[in-house]
Amino acid sequence: MDPYKYRPSSSFNGPQWSTNSGAPVWNNDNSLTVGSRGPILLEDYHLVEKIADFDRERIPERVVHARGASAKGFFEVTHDISHLTCADFLRAPGVQTPVIVRFSTVIHERGSPETLRDPRGFAIKFYTREGNWDLVGNNFPVFFIRDGMKFPDMVHALKPNPKTHIQENWRVLDFFSHHPESLHMFTFLFDDIGIPADYRHMDGSGVNTYTLVNRAGKAHYVKFHWKPTCGVKSLLEDEAVTVGGTNHSHATKDLTDAIAAGNYPEWTFYIQTIDPDHEDRFDFDPLDVTKTWPEDVVPLQPVGRLVLNRNIDNFFSENEQLAFCPGIIVPGVYYSDDKLLQTRIFSYSDTQRHRLGPNYLLLPANAPKCSHHNNHYDGLMNFMHRDEEVDYFPSRFDPAKHAPRYPIPSRTLNGRREKMVIEKENNFKQPGERYRSMDPARQERFINRWVDALSDPRLTHEIKAIWLSYWSQADRSLGQKLAGRLSAKPSM
């Protein structure tokens, strides 16, 4: 066969190799060279395109939540909460909404083991009829800090040492010694649940306080919770070593295998609500992300169920390019004055524009399933086909109108411009209560983890003393036990 004889593409059946522009590629094995040995000619456009595309296959990994796994499914309403919200996808029991969910570890890198002690991300994208809603949370109901101003510092402290690229306890404990509000989060992270067995057997939480608004405009503060129907399971240190040594992607594999086998993961969706007029009745600030709302005072209300019944089709397009932002809401759901949430509204979309480009919301995994219309034209990688002549608003040549008005919280804002800590810090009560809720064996494991962390030889006596003071204020006996163990532990 003469390799130089042109044969039209129409003479072939089935898929054919082509360039990104659609031109047929008749030889995808050999470069265009001068003679059989070369050198290679720069005019080999297919070669240049292929190599250039390969060079750009790896987009910048997420600064946090780099290691993750995704799955698709649906959310179904089981209980009527239309008296609390006008959100269309929550309008009545039986209503189903397609979703995609991404689980992740928070601090460690994209290829890191899924058995490391680390918070887990739990992010859900609801493709509703009124646009997407991104509920971006973690497996713990609280967070380390309450003000987004400290978020870059916190992540830097938790990340590896910039000199050695080794994650070190002295850096973590040095930073958080300045932030006693972190104690509550550490009662979760250093607890037995600090290493989830897999993604199917862990709780989820919206973490931040949001607002639900009903048709009459009445607003309620709300916290969102996910409880797995198969229960919560975790790994102790020796188990994590065994599992991680066998497969560093064990949680991703478990999720994929379970769905493929028809053992669909399922969570029950609950909410807690507080009337904003009653927020001063608590000894803590309900908008403080380092606090939980006591369930005996603010009970969990069931809302629906989340079922993951489809594995993703492509890891890159539906995991790496999957992007969430707490600022993406729908009518009936609104923000609160939670300082961390207010920062995340900007930060998440900003990092995705850096990672994926300004038009990241046009990517299939991030785009809404409902119709959408605006004049956000052009920009890098804007691949929507547009043939309109009018790209401004208003116009008598464009039939698009404003959507019907929907209610948002309308409380009057009043206060001075100032930078200060919230009034009701109350940093030690809830950490102490959580520690005392543990059985003795669980308390012992918690203490041992803290003794190990506080035994880092780089820690100063001052930093150790601060932590012993913090834990003593949370629970006197806990502080005493830690002090006794540390004084008895041989110096390193």
Side-chain angles (χ1 to χ4, degrees), residues 75-93 95 97 99 122-126 128 130-143 146 203-227 267-282 284-306 324-345 348 406-411 413 422 424 430:
F75 171 76
E76 180 180 15
V77 179
T78 57
H79 292 72
D80 186 2
I81 60 166
S82 58
H83 61 291
L84 293 171
T85 178
C86 61
D88 175 74
F89 79 102
L90 296 172
R91 63 189 178 277
V95 174
T97 300
V99 300
F122 195 124
I124 308 96
K125 188 182 294 291
F126 299 78
T128 87
E130 294 183 311
N132 292 350
W133 177 38
D134 288 357
L135 179 53
V136 190
N138 289 334
N139 63 322
F140 301 147
V142 294
F143 202 61
R146 62 169 67 95
D203 289 333
S205 172
V207 181
N208 294 109
T209 300
Y210 286 82
T211 306
L212 294 180
V213 189
N214 66 16
R215 295 190 182 281
K218 175 61 180 175
H220 284 84
Y221 292 144
V222 62
K223 280 187 177 289
F224 302 109
H225 303 276
W226 302 98
K227 303 291 184 183
W267 286 261
T268 303
F269 187 40
Y270 296 92
I271 59 172
Q272 290 176 288
T273 60
I274 292 177
D275 189 322
D277 293 335
H278 302 160
E279 63 179 306
D280 292 332
R281 296 180 180 180
F282 300 89
F284 61 91
D285 187 335
L287 305 188
D288 180 358
V289 77
T290 69
K291 303 294 186 293
T292 55
W293 295 355
E295 293 180 16
D296 57 340
V297 179
V298 188
L300 294 174
Q301 307 173 50
V303 177
R305 67 189 188 113
L306 170 69
F324 296 88
C325 175
I328 296 178
I329 56 175
V330 292
V333 179
Y334 205 73
Y335 320 114
S336 76
D337 295 337
D338 174 342
K339 288 186 179 183
L340 189 68
L341 174 60
Q342 291 283 320
T343 311
R344 294 174 80 206
I345 291 170
Y348 277 62
Y406 54 85
I408 62 173
S410 57
R411 299 184 77 188
L413 301 178
I422 62 174
K424 297 180 181 179
Q430 290 194 2

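- Applying the side chain to side chain donor-acceptor pair (under 3.5 Å) criterion to T343, with sequence neighbours excluded, gives no partner residue.
- Judged by distance alone, the side chains of Q301 and H79 never bring a donor and an acceptor atom under 3.5 Å apart.
- In this structure, the side chains of Y406 and V213 stay at 4.5 Å or more apart for every pair of heavy atoms.
- Rounding to the nearest 0.5 angstrom, the gap separating the OG1 atom in T268 from the CG atom in L300 is 10.5 Å.
- The side-chain heavy atoms of P286 and T209, taken from C-beta on, include no pair separated by under 4.5 Å.
- Judged as a side chain to side chain donor-acceptor pair (under 3.5 Å), and not counting sequence neighbours, the contacts of Q430 are H184, T292.
- Between V289 and L340, the shortest heavy-atom contact is CG1-CD2, 3.9 Å.
- For H278, the side chain to side chain contact (heavy atoms under 4.5 Å, CB included) partners two or more places apart in sequence, or in a different chain, are D275, R281.
- Here the straight-line distance linking atom CD1 of I271 with atom CG of L84 works out to 5.0 Å at 0.5 Å rounding.
- Minimum heavy-atom separation, G332 to C86: CA-SG, 3.6 Å.
- Under the 30°/60° scheme for interplanar angles, the aromatic rings of Y210 and W133 are found to stand perpendicular.
- Taking the side chain to side chain donor-acceptor pair (under 3.5 Å) definition, one finds that D337 meets it with nothing, sequence neighbours left out.
- Between S336 and D338, the side chains place no donor N or O within less than 3.5 Å of an acceptor N or O (distance only, hydrogens not considered).
- Taking the side chain as every heavy atom from C-beta outward, H220 and I274 never approach each other to under 4.5 Å.
- The CG atom of L90 sits 10.0 Å away from atom CG of D80, with the distance rounded to the nearest 0.5 Å.
- Every residue was checked against the salt bridge (charged side-chain N to carboxylate O under 4.0 Å, His left out) condition with R344, not counting sequence neighbours, and none meets it.
- Listed by chain and residue number, nothing satisfies the side chain to side chain donor-acceptor pair (under 3.5 Å) test with K424 (two or more places apart in sequence, or in another chain).
- Considering only heavy atoms from C-beta on, K227 comes within 4.5 Å of D203 through its side chain.
- Judged as a salt bridge (charged side-chain N to carboxylate O under 4.0 Å, His left out), and not counting sequence neighbours, the contacts of D288 are R146, K291.
- K223 is linked by a salt bridge (charged side-chain N to carboxylate O under 4.0 Å, His left out) to nothing, counting only residues two or more places apart in sequence or in another chain.
- Residues satisfying the side chain to side chain contact (heavy atoms under 4.5 Å, CB included) criterion with R411, sequence neighbours excluded, are Y221, P276, D277, E279.
- In plain terms, the two heavy atoms of L341 and P326 that are nearest each other are CD1-CB, 3.9 Å.
- Listed by chain and residue number, D88 satisfy the salt bridge (charged side-chain N to carboxylate O under 4.0 Å, His left out) test with R91 (two or more places apart in sequence, or in another chain).
- Aromatic pair Y348/F324: ring centres not closer than 6.0 Å.
- Contacts of F143 classified as ring pair (Phe, Tyr, Trp, His ring centres under 6.0 Å), with partners at least two apart in sequence or in another chain: none.
- For the atom pair CZ (F126) and CG (L306), the distance works out to 7.0 Å, reported to the nearest 0.5 Å.
- Not a single donor-acceptor pair under 3.5 Å links the side chain of T78 to the backbone N or O of P302.
- In the displayed structure, F282 atom CZ is contacted under 6.0 Å by more than 12 heavy atoms of other residues, nucleotides or ligands.
- Applying the ring pair (Phe, Tyr, Trp, His ring centres under 6.0 Å) test between W267 and each of F122, W226, F224 identifies F122 as the sole match.
- Smallest separation of non-hydrogen atoms from Y335 and Q342: CB-NE2, 4.3 Å.
- For the pair N138 (side chain) and F140 (backbone), a donor-acceptor distance under 3.5 Å is absent.
- Not one N or O on the side chain of D134 forms a donor-acceptor pair closer than 3.5 Å with the backbone of V136.
- T97 contributes no side-chain N or O that, together with a main-chain N or O of T128, makes up a donor-acceptor pair within less than 3.5 Å.
- In this view, P299 satisfies the side chain to side chain contact (heavy atoms under 4.5 Å, CB included) rule with no residue, not counting sequence neighbours.
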